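The sequence lines fix the lettering, A, B, ..., with proteins before strands; numbering per chain opens at 1. These numbers come from the heavy atoms of this one structure, side chains and all, not from hydrogens, waters or symmetry mates. This one's a predicted model, so the numbers in the text were calculated from it and none came from an experiment.
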Amino acid sequence: MPDQAAPFKAAPNSPKFSDLEEQILQFWQQNKIYQQSLERRQNAPSFVFYEGPPTANGMPHPGHCLTRTIKDVFPRYKTMRGFRCERKAGWDTHGLPVEVEVGKELGIHSKEEIEAYGIEPFIQKCQQSVWRYMQEWQRLTERLGFWVDLDEAYVTYHQSYVESVWWSLKNLFDRGLLYQGHKIVWWWAQGGTALSSGEVGQGYREVADPSVYVRFPLLDQPDRSLLVWTTTPWTLPSNMYAAVHPELEYSLVKQADSDQLLYIASSLVETIAARSKTELETVETCKGSDLLGLRYMPPFDGYYKTLGDATGALITPIGDRREEYFYWRVVEADFVTTDSGTGIVHQAAAFGEVDYDVYDREQRRFVEGERPELLCAIGPDGKFVEAVSDDLLGTWVKDADKALSRELKERGLMFLQEQYLHDYPFCWRADQDPLIQYPRRSWFIRTTRFRDLMLKNNSQIGWQPEHIRDGRFGNFLESNVDWALSRERFWGTPLPIWVCEETGRMDAIGSYDELLAKPGVQGTEVWQTAKAANPELVDDLRVHKPYIDAITYDSPFAEGKRMQRVSEVIDCWYDSGAMPFAQWGYPHQGKAQFEDQFPADFISEAIDQTRGWFYSQLAIATMLFGEGASISEEGSETNAADGTEYPVPFRNCIVLGLMLSQWWERTESDHQKTIVLDEAEAKEAAKSGGKFSKQVGKMSKSLRNYRSPEEIFQRYGADALRWYLLANQAPWNSTIYAEQTIKDSIPEFLLRLWNTYSFFTIYAEIDGFDPRTAGDADEQLSPKSLASSPSYRAAEQRNEIDRWILSELHHTIATVTERMDALDNYNACQAITTLLDGLSNWFVRRSRDRFWANDKQSQDKLDAYWTLYETLLELTKLAAPFTPFLADTIWQGLTEPFGKKTLSSVHLCDFPASDPSRIDNGLSDSMRLLREIASLGRAARAAEKLKVRLPLLEVTVILTDDTNLAWLQSHDALIREELNVKAVHYTTDGNQYVQYTVVPNFKRLGPKVGKQVPQVKQALASADGNQLLVQLQDNGHVVLELGEGSVQLDSDDIEVRLKAKDGWAAAQGQGCVVVLNTEVTDELQREGISKDVIRIVQNQRKAIDCGYTDRIAICVSPTGEEVEQAIEEHRQTICEETLADTLEFKTDEGDGANSEHGMVWVSKVSS
RNA sequence: GGGCGUGUAGCUCAGUUGGUUAGAGCGCAUCCCUGAUAAGGAUGAGGUCCCAGAUUCGAGUUCUGGCACGCCCA
């Protein structure tokens, strides 16, 4: 009977993990365990973690669980390892997605509609919308066990945050690094707004556009023309250049019935001739570079009339030529191909990004103040502003195509006109409106000045996986372009620049107070009025549109004039990139925190953040701190800040793969799709007709093709999900969310750990094992302090299997520590799994008898307890960062007898330290061999269909060498038991049973004999293995005669292998062969039968609900004499094993068990 | 169209500086155990390492070229 006063109580059998987790969650909250874990490390060295802010205006899905699990596991680990790891949460709150969400809610789309609705109520709605799914996010964060300071979270719309961002922008502005330029955007003319690439991508559809081939006559040789091609004739009036590829070959061709000569890329001559149904005869050829600089007459002379001969001074003169014409020259461009068109590309810089780049490059050739202007004949409404011909003024671009084409035809410039089918983007909100590429004034940060510095900083970052550094991220930095910072939107950090209404000169503002301190400030009452009318309004809104726009002040540049803010807000990526300092409100406040918490030791986000948060952080930190802080644009009024030395913003970064979903779907008769998330479910549902097909793809809100995190927690628990995410794959691979695998992580790890723990508590209760005998036990029950118990013996005095598992434990601790320090959670988990397997499947199994032994105080039994207890304690600490809930449940169970003397949570403990003196590699090797022998014996049995219950006379184990021979011999009892044999023989002389073969150790042999490897291999294979072995044993080496001389090989160069000879029941492994004596005597047969009977009876005991200690009566109706004799012979054993009072040969009433040996009835006699 | 990545057992995934017999878990099959018991364990089957070339004594691993998929950018 269990000891009533036992310190341990048996743990429940099959717990519902999600319920246990909820309890732990409550415990954590009530006892502020997270805060305690931080306080315990108050003066410890810091390990800095940055939380990349998620947006809380969408529901979280399983993909977010991966990010948050990875973000949790390393800080937890580092905290246990003795570091102070603060974890400030954060929320990304600005940006277009928020505006779109609010717009949907209000049923409005365009900027005009928003303006009509009112910017003030609109941004108020944005501010509220940001928190729409806040609760879900907080719940996810907590339920997953992601420890982070949600209460102290930084929020990008908060005034202090915005002011930090302003400070940084002012810094850049004052250093001349913030400038205005043009950006070519996809423009919705009717709506008056730019569209994001995502929005543009949604709107592509196939349309037929005009395809025109137009002649551009050369100025100096009017009979020669460039032939250019375009599908947007409306851009021709804004033509600036014609681009050729300098390396391509061009032909000057003559049209059959005309005097006209045309330049066309040589490889396209034939195609164009065919299309235009004219003969084109090549007159001469040249390279593209020969055409550079040629001037031509543009197809429309709207600009040409005034600018035709406009020139400017070159920065680098060409020869003695110091001046260059601004427009209508042949220029070079690498993007010119011969895939379509003519090989000469019409350049209208206003309407194409690559065209704009060419223009930009051209501009830089001229000295400042003498540069070509951007030619743009179209207004923001998509209509002609500069009259090409008077009747086009005010015409919508697409309507102008026809008129323009007609005119070109009339003037004889149109070489060919066709229709062209291609994909073209339309507005996703108004599908009749084609988008156009259009230049917008935009603010840029001169990040290109920092390219090399960013690359240098990048090289300092520990990327996980490594290829990110030189691959995706490195390449991205290499091709850096200036950061287009401004957005013509409403909900974002306002660009803190005020402009003089008179002079256009500008000023940047670094904080709200700085603004209020400006002379003659007006407009603050707009905010005050709003706040008075609605006291609920959060104060942070005062630094937002429209309130901030209302504030003006006296211009320092012009007497009596005002300074007014520019209208733009900034890219919200800048917000997130400013997080390292803005989270503290630096430098207006939080200086100490910033200096303490910069840079981060560790961050992690998914791969899609490469150009997002990873870049924005690196760029901003590079520009503001370290060497970068001393860079400023020439001629800027303010010199750069004195470079405070700060390195990269983060030292290590795990880049996570994307998580895909897997589901089963069926299309119903009404074209609706039925989606299930489970294969079993799909099979079940398919019974009602219609097969389901398996799908893999992105998680999609509209399809609902994934399980909500909340449901996963309910079904399987957070630990199961965490273990799946941490232990099943390297985190940077994109993975398929596999429901089944999560389910599997319960029996694979959680339940196995639980069962081992439960096994311990069951026996500890029965035996009253009391760890409190360790009088000096410390608060974390460290192995050293447990040694103070009088019943605790030093490991070297204990049973071998105790020493073995402790050796495995310390080996595992070393591995896990080493792997986790390298940010490798996957292999750390593998090591833990291996340890748990050893503990559960070998230590516990092999030690059952010791735990069941009668003498409660025998030293061997106590050794077993101490070993298991200590291993479980340390294993629990090892597992704590990975499965924090289960680890804490078990920790609390294991420490319960100590009451308040021990730490209340495993997460307050130190991570276990590996004690090298406990690692015994020799023992590990021997034990591995022993387990292999047992396994081989079972395999040999299985091959002969001799089940383990049938006893056999003997096994013979043949080894290649005698290293482990003595050790194994001393363990033959174990093998006898495992294999159910009467005797075990070990030998190295197995000629009778095995064939020896000698194989090369290629790893050593390769470098040694090089090209002779195949010959050596051949020679070894054809030689007699047994003879080679003799040679090796006698001389320590073997000599092989090859064609070109002899080779001497020592024992490290070759490996001896064994192969069982035919005719034996044998199984072979790496270094041994196990041979089974298959002779089954009648005696053995009967013993086997008796064991069968025991099993049948035990099954019946269970079937009739017997308790462990119930006594029974057995009746057997045997099939024959042999069975009867077997039972008679082993009557005593059978009765003992099954707690039977009587065993009779007769037929009984009721349900019996029918077996190969006859009917068996079992009935309960007493409880 | 460009960049980056991925492709290994039915499924989900590992695979070290190249070393010749490619692993794990699940699933499947066969079996064991029945005092951890709605658990636990063993053994086995299962592979053209996406394809084709190249380098090498030797390639899942390196190189080149394809194919498929994904992500990012045009």
Side-chain angles (χ1 to χ4, degrees), chain A residues 10-11 13-14 197 201 335 337 339 353-354 465 467-468 470-476 478-479 606-612 655 657-658 660 662 679 694 696-698 724 727-730 732-745 747-749 751-752 754-763 766 826-827 830 833-834 837 840-842 844-845 848 851-852 934-943 945 947-949 978 980 999-1007 1009-1017 1057 1067 1070 1091 1094-1095 1097-1099 1101-1102 1107-1109 1137-1139:
Chain A
N13 277 331
S14 31
S197 62
F335 59 77
T337 66
D339 294 344
E353 213 169 336
V354 289
H467 61 73
I468 299 286
D470 299 319
R472 189 179 283 214
F473 196 69
N475 286 343
F476 176 61
E478 294 275 0
S479 56
I607 181 93
D608 57 352
Q609 294 296 333
T610 313
R611 283 145 196 260
V655 183
L658 274 133
L660 301 174
Q662 149 182 273
E679 190 167 15
K694 186 181 167 184
V696 169
K698 277 211 245 184
Y724 160 73
N728 267 282
Q729 61 270 312
W732 43 84
N733 276 337
S734 74
T735 53
I736 298 170
Y737 168 89
E739 183 102 358
Q740 187 57 44
T741 314
I742 296 174
K743 226 183 271 182
D744 291 342
S745 67
E748 260 170 46
F749 182 75
L751 200 53
R752 231 196 300 182
W754 179 267
N755 282 332
T756 311
Y757 159 70
S758 155
F759 175 91
F760 168 79
T761 58
I762 290 170
Y763 284 88
I766 292 172
Y826 176 76
N827 285 298
Q830 296 294 306
T833 306
T834 306
D837 179 68
S840 162
N841 292 341
W842 195 246
V844 168
R845 196 155 64 83
R848 267 196 185 127
F851 286 103
W852 191 241
S935 162
L936 289 172
R938 282 187 290 262
R941 268 183 174 274
K945 296 202 191 311
K947 54 188 173 185
V948 184
R949 217 180 290 126
E978 282 286 312
N980 191 18
V999 295
N1001 175 1
F1002 289 100
K1003 210 164 185 171
R1004 263 188 71 114
L1005 218 52
V1009 305
K1011 298 205 178 207
Q1012 287 179 303
V1013 168
Q1015 287 157 276
V1016 174
K1017 184 182 176 185
R1057 290 202 178 144
Q1070 292 287 341
K1091 296 207 167 177
I1094 290 172
R1095 180 182 150 238
V1097 173
Q1098 297 286 31
N1099 280 344
R1101 280 184 64 104
K1102 209 166 124 191
Y1108 295 146
T1109 51
E1137 289 281 324
T1138 62
L1139 303 181

Among B:G3, B:C71, B:G40, which nucleotide sits nearest the side chain of A:L658? B:C71

Name the nucleic acid region contacted by A:S479, choosing base, sugar-phosphate or nothing; use a 4.0 angstrom heavy-atom cut-off, strictly under. nothing

If I take atom CZ in residue A:R848 and atom C1' in nucleotide B:A39, what distance separates them, rounded to the nearest angstrom? 10 Å

In B/S/- notation, 5' to 3', how is nucleotides 55-64 of chain B contacted by protein heavy atoms closer than 4.0 Å? --B-------

Expressed in angstrom and rounded to an integer, what is the separation of A:R752 atom CZ from B:A39 atom P? 15 Å

Going 5' to 3' through nucleotides 27-32 of chain B and flagging B where a protein heavy-atom sits under 4.0 Å of the base, S where only the sugar-phosphate is that close, and - otherwise, we get -----S

Contacts of A:N1001 that satisfy side chain to side chain donor-acceptor pair (under 3.5 Å) - sequence neighbours left out: none

Pairing partner (Watson-Crick or G-U wobble, both distances under 3.5 angstrom) of B:U55: none

Would you indicate what A:A934 reaches in the nucleic acid, counting non-hydrogen atoms under 4.0 angstrom: base, sugar-phosphate, or nothing? nothing

Does A:R845 use its side chain to pair, donor to acceptor, with the backbone of A:N841 at less than 3.5 Å? yes

So A:F473, base contact, sugar-phosphate only, or nothing? Heavy-atom distance under 4.0 Å. nothing

What residues form a side chain to side chain contact (heavy atoms under 4.5 Å, CB included) with A:Q1098, not counting sequence neighbours? A:I1094, A:R1101, A:T1138

Output the rounded distance in Å from CG (A:D608) to P (B:C4). 19 Å

From B:C13, B:A39, B:A42, pick the nucleotide closest to the side chain of A:L751? B:A39

Polar pair under 3.5 Å, donor/acceptor by atom type, side chain A:R611, base B:C73: no

Side-chain atoms of A:I762 come closest, of B:A36, B:G70, B:A14, to B:A36

Where each residue is assigned the nucleotide of RNA chain B containing its nearest heavy atom, which of A:D470 and A:Q1098 is assigned the position nearer the 5′ end? A:D470

Residues forming a ring-ring contact (aromatic ring centres under 6.0 Å, His included) with A:Y757, sequence neighbours excluded: A:W754

Nearest listed nucleotide, side chain of A:N841, among B:G44, B:A14, B:G41: B:G41

Between B:U43, B:U34, B:A36, which nucleotide has the shortest distance from any of its atoms to the side chain of A:S840? B:A36

Which of parallel (below 30°), tilted (30 to 60°) and perpendicular (above 60°) describes A:F851 and A:Y763? tilted

Checking contacts here: which listed nucleotide (B:G19, B:A42, B:C71) is nearest the side-chain heavy atoms of A:K1003? B:G19

Of all residues at least two apart in sequence or in a different chain, which pass the ring-ring contact (aromatic ring centres under 6.0 Å, His included) check with A:F749? A:W723

Report which part of the nucleic acid A:S745 touches: base, sugar-phosphate, or nothing (heavy-atom distance under 4.0 Å, all strands). nothing

Of B:U6, B:G3, B:U34, the nucleotide closest to the side chain of A:N1099 is B:U34

A:S840 side-chain N/O to A:D837 backbone N/O, donor-acceptor pair under 3.5 Å: no

Identity of whatever pairs with B:C31 - Watson-Crick or G-U, under 3.5 angstrom: B:G41

Paired with B:G10 by Watson-Crick or G-U wobble geometry, both distances under 3.5 Å: which nucleotide is it? B:C26

Which listed nucleotide (B:C72, B:U43, B:A36) is nearest to the side chain of A:T756? B:A36

